[in-house]
Amino acid sequence: MNIFTIPAGPHEESAYPVRTNSEVRSSSHAASPAITSSPPESSKEFDLDVTALFSACLVAITAVFCLLGLLALIMRLITALFPVREARTDSAVVAAISTAVASVWPGAKVTRIEEKS
């Protein structure tokens with residue numbers, strides 16, 4: 001099998017055979033035999049590759065679920081430590097609203113103030 005590589009340096013030889021352009025041209029014009037795909041030497045090799053791929057996917061999915069679970073726990077902890085505060089109506093706001101309503105509609109009484117969201 002011929003491998004195209006670039007030698008590491010001017011004084012160092014490559015560990016792989018290097019083909020020149022003339023060798024490549026001459027081999028491409030030669031009659032090429034029919035290309036056939038051969039099955040793996042043993043079915044065990046093929047099974048190992050599929051098993052390795054499957055286990056890599058399984059490890060990746062497990063890692064993602066673990067990270068998402070950890071993030072969910074951290075979010076739960078943060079929301080427990082810092083709960084949402086209830087909106088309180090300031091007495092100055094209540095007085096301002098009551099005064100504004102009384103100036104527009106004399107004799108009206110404010111009974112409930114709700115914030116629109």
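Heavy-atom basis, side chains included; hydrogens, waters and symmetry copies ignored.
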* From L77 CG over to F82 CZ, what is the distance, rounded to the nearest 0.5 angstrom? -> 8.5 Å

* Transitive ILVMFWY side-chain link F65 to L67, under 4.5 Å -> no

* Structure fact -> When rounded to the nearest 0.5 Å, the distance separating CG of L71 from CD1 of I74 is 5.5 Å

* Check the hydrophobic clustering (I, L, V, M, F, W, Y; side-chain heavy atoms under 4.5 Å; chains of links allowed) and say if L70 and L81 are grouped together. => yes

* Asked: Applying the 4.5 Å side-chain criterion to the ILVMFWY set and letting contacts propagate, would V64 and F54 be lumped into a single cluster?
  -> no

* Which side-chain hydrogen bond (donor to acceptor under 3.5 Å, both in side chains) pairs, counting each pair once, include a residue from residues 99-112, with sequence neighbours left out? -> R112-E114

* Separation of D90 CG from I97 CD1 (nearest 0.5 Å) -> 10.0 Å

* **Where I113 and V110 come nearest, the two heavy atoms and their spacing** => CG1-CG1, 3.7 Å

